Amino acid sequence: MEYNRRKFISFLGKASIGTVVLPPFLVSCGNMSNPTEKNLKSSSEVLDKLRNLAIEGLFPSNKDDLLLANGLDYHVIVRWADKISEEDHFGFNNDFTCFIPFDEENPTDGLLWVNHEYVNPMFVSGFDSSKHENPDTHRTKEQVDKEMYNVGGSIVRIKQTDGKWKVVQNDPYNRRITAKTPIQLNWDHPIKGSSTVIGTHSNCSGGITPWKTFLTCEENYDSFFGETVYDKDDQPTHRDSSQGWEKFYNYPPEHYGWVVEVDPKTGSAQKHIAIGRYAHECCTLYELNDKRVVAYSGDDKNNEHLYKFISSKPGSLKEGTLYVADTINGKWLPLDWESQPLLKERFKDQTEVLIRAREAAKILGATELNRPEDIEIDPLTGNVFVSLTNNYGKNDFHGSILKIEETNGKYDALTFKAYSYMAGGEENGFSCPDNLAFDMAGNLWFTSDMSGSKMNKEDGPYMAFKNNSLFVIPRHGEEEGKVIRLASAPLDAELTGPWFSPDGKTLFLSVQHPGEQTKDLANPTSAWPFDEDGIPKPSVVAITGNLIEKMNKLHLLEKS
Ligand code: FEO
Ligand code: CA
Ligand code: CA
Ligand code: CA
C-alpha cells in the first residue's frame with residue numbers, strides 16, 4: 001500500500017473519529033494534519049503497528065539538568081546572549097518557537113522565530129545583588145535599555161547538518177524585534193494618539209498564520225508599563241508596573257496587550273487590535289474554506305476568559321467580530337459595541353471595547369476560567385483544546401485541559417459544548433498544564449508551568465511533581481490516554497514553546513528561566529546549560545531521536 005504523510009494522517013483521523021479537520025497550512029510547518037485530503041486509505045496492518053509502542057517515561061526529578069526519556073537526545077541551538085549577527089544577540093527567557101522552512105521540500109533549512117518573554121534584571125542588566133538594593137527602584141535608564149533589548153523576539157535562520165541544528169551566523173534574515181522596535185497598529189483609529197507604537201514585550205506564546213507569518217502574543221504587559229485602571233465612576237488612574245520601565249519611558253499601557261504579527265522575511269510587525277487586549281497567551285488560527293479566519297486566544301489570568309475572533313473577510317485579522325466564551329451555556333458572546341446596549345452604556349466606541357476587553361467580557365457574562373493558556377486544535381477530532389493552568393484563589397492547584405466541541409465542527413459556530421478533558425493532580429502525574437502541541441499522529445504533547453517559587457517545596461502542593469516537565473498523551477495503542485513524562489527541566493526552569501519540525505523528526509523546545517530563584521550571581525541555583533561561566537542561560541534546544549520518530553509514526557510512512 002502506498003502511503004505519503006498526508007494520506008496517512010487522513011487515514012488516522014478517519015480510523016479514529018470520522019473526520020479530520022486541520023487546515024493544510026499547519027502541515028507544512030510540522031503541526032500535523034490535513035483536513036481536506038479526500039484520498040483515504042486503510043490497513044489493518046498499520047493499525048496493528050500503532051498498537052505496539054511501548055514508551056518508558058521518566059520519574060519526577062529535581063536534578064539540575066534537562067533529562068530525556070530513552071530514545072531522545074538534545075542539543076542546544078541558541079542561548080541567551082549568543083551573537084546572531086554583527087549587531088544583535090539572542091534575547092532572554094525564550095518561550096514560543098515556530099519554524100517555517102524556506103521550501104516545503106527541504107524541511108531542514110528555514111527561519112525560527114523565538115519569543116523573549118521577560119527578563120531577570122540580575123542576569124540581564126547587571127543589577128548587583130550584593131548591594132541589597134531593590135532592582136525596581138535602583139535601576140538606571142541604561143539598565144532599563146538593556147532589559148528592553150532582551151525582550152520581544154528573535155528571527156534566526158537555522159539549518160540541520162549531520163543531525164544538528166545550527167544558527168546560520170550573520171544570515172541576512174537574522175534580526176531582533178525588541179521593546180524599542182516601531183510597530184504599526186492594524187486599526188483605523190489611533191490608540192492614545194498613535195497608529196505606530198514603540199515595541200513589543202511580554203511575548204509569551206504565539207501562533208502561525210495561513211499566509212506563513214509569525215504571531216507573537218503580549219501576555220503580562222502590565223509588568224512593564226503598568227495599566228490604566230478605572231474606578232466606579234469610570235475615572236482612569238495609572239497602576240504602576242512591577243518592572244518600572246515607565247519611570248524612563250512614558251509609553252501608554254494601551255499600546256500593549258495585543259496579538260502581534262511578524263513577517264519572517266522583513267521583520268515588519270503589526271498589532272491586531274480586533275483580537276482584543278488582554279494577557280494573550282497564544283493565538284491559534286484556523287482557516288475556513290472561504291479563507292476567512294478564526295483566531296482563538298486565552299487570557300492567562302485568574303478568572304479571565306477565552307476568546308475567538310471570526311473574520312468577515314478572507315485573510316483579515318481586522319474585519320470581523322471578537323467573541324468571548326460563556327462555557328456554561330456554550331455560547332460565543334459578541335463583544336460588539338454596535339449591537340450590545342450594555343457595551344454602549346459603558347464604552348464610547350468599539351475601540352474602547354477592544355482596549356478594555358476584560359471589562360466588556362464581564363459585562364456580557366463571560367465565564368471566568370482558571371488561567372486559559374495554550375490552545376491547539378486536535379487533528380483527529382477537530383476539537384479545540386485549552387490549557388487551564390491553575391487558580392490558587394479557587395483551590396485549583398493543578399489545573400486541567402478543557403475541550404471545546406464547536407457545533408457541527410464549524411469553527412465559525414456561535415455555540416459549542418465544553419468538557420474537562422483531563423485534570424492535573426497526582427493521579428494523572430502532572431500539574432499546571434501550559435503549552436500544547438499535537439504531533440503528526442495526533443499525540444498530545446504538553447509542558448507544565450508550576451511556579452518557580454512553589455516547586456520542590458515540602459509544604460506546597462507540587463512536591464510530588466518535582467521539576468517542570470514535558471509530557472505526552474499517546475492517542476493510539478496500549479498507552480493511549482496515559483500521561484507519560486518525556487523530559488524534565490533544569491532547576492527553576494519551565495519548558496515552553498514545543499514545535500515540531502516539518503518532517504516530524506525534531507521537537508524544538510525552549511528551556512526558560514533556569515536558575516530563576518538565584519539570589520547571588522556567584523552562586524546560581526542552576527548551572528544549565530553548563531557553560532564555563534557557570535551562568536544559567538535560557539536556551540532553545542532541538543530534541544531528536546528514535547522515540548520522537550516512532551511517536552510520529554514516521555517508520556510507517558517511509559515506503560511500501
Ligand atoms: Fe507566559 Fe501564560 O505563560
Ligand atoms: Ca506560557
Ligand atoms: Ca502550542
Ligand atoms: Ca505559564
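Atoms within a ligand are numbered from 1 in the order they appear, just like the ligands themselves. These figures come from a predicted structure and were not determined experimentally. Note that these values count all heavy atoms, side chains included, but never hydrogens, waters or copies made by symmetry.
Residue D449 approaches the Ca ion (ligand 4) most closely through its N/O/S atom OD2.
Metal site remark for the Ca ion (ligand 4): E494 contributes no N, O or S atom at a distance under 3.0 Å. Within the 3.0 Å limit, D434 places at least one N, O or S atom next to the Ca ion (ligand 4). Distance check for E373 against the Ca ion (ligand 4): an N/O/S atom falls below 3.0 Å. Taking backbone and side-chain atoms together, L436 has an N/O/S atom less than 3.0 Å away from the Ca ion (ligand 3).
N115 CG to T97 OG1: the interatomic distance, rounded to the nearest 0.5 Å, is 9.0 Å.
At least one cation-pi condition fails for R79 and F90: the charged atom is not both under 6.0 angstrom from the six-membered ring centre and inside a 45 degree cone around its axis. By the 6.0 Å and 45° rule, K403 stacks over the aromatic ring of Y419.
Using a 30° and 60° split on the angle between ring planes, H398 and F465 fall in the tilted class, from 30° to 60°.
Rounded to 10°, the angle formed at atom 2 (Fe) of ligand 1 by E373 OE1 and E219 OE2 is 160°. Rounded to 10°, the angle that OE2 of E376 and OD2 of D374 form at the Ca ion (ligand 3) is 120°. Rounded to the nearest 10 degrees, the angle OD2 (D300) to atom 2 (Fe) of ligand 1 to OE1 (E281) equals 120°.
None of E304, E227, E359, E218 except one satisfies the salt bridge (charged side-chain N to carboxylate O under 4.0 Å, His left out) rule with R277; the exception is E227.
Minimum interatomic distance between T525 and E516 (heavy atoms only, all atoms of both residues): OG1-N, 4.2 Å.
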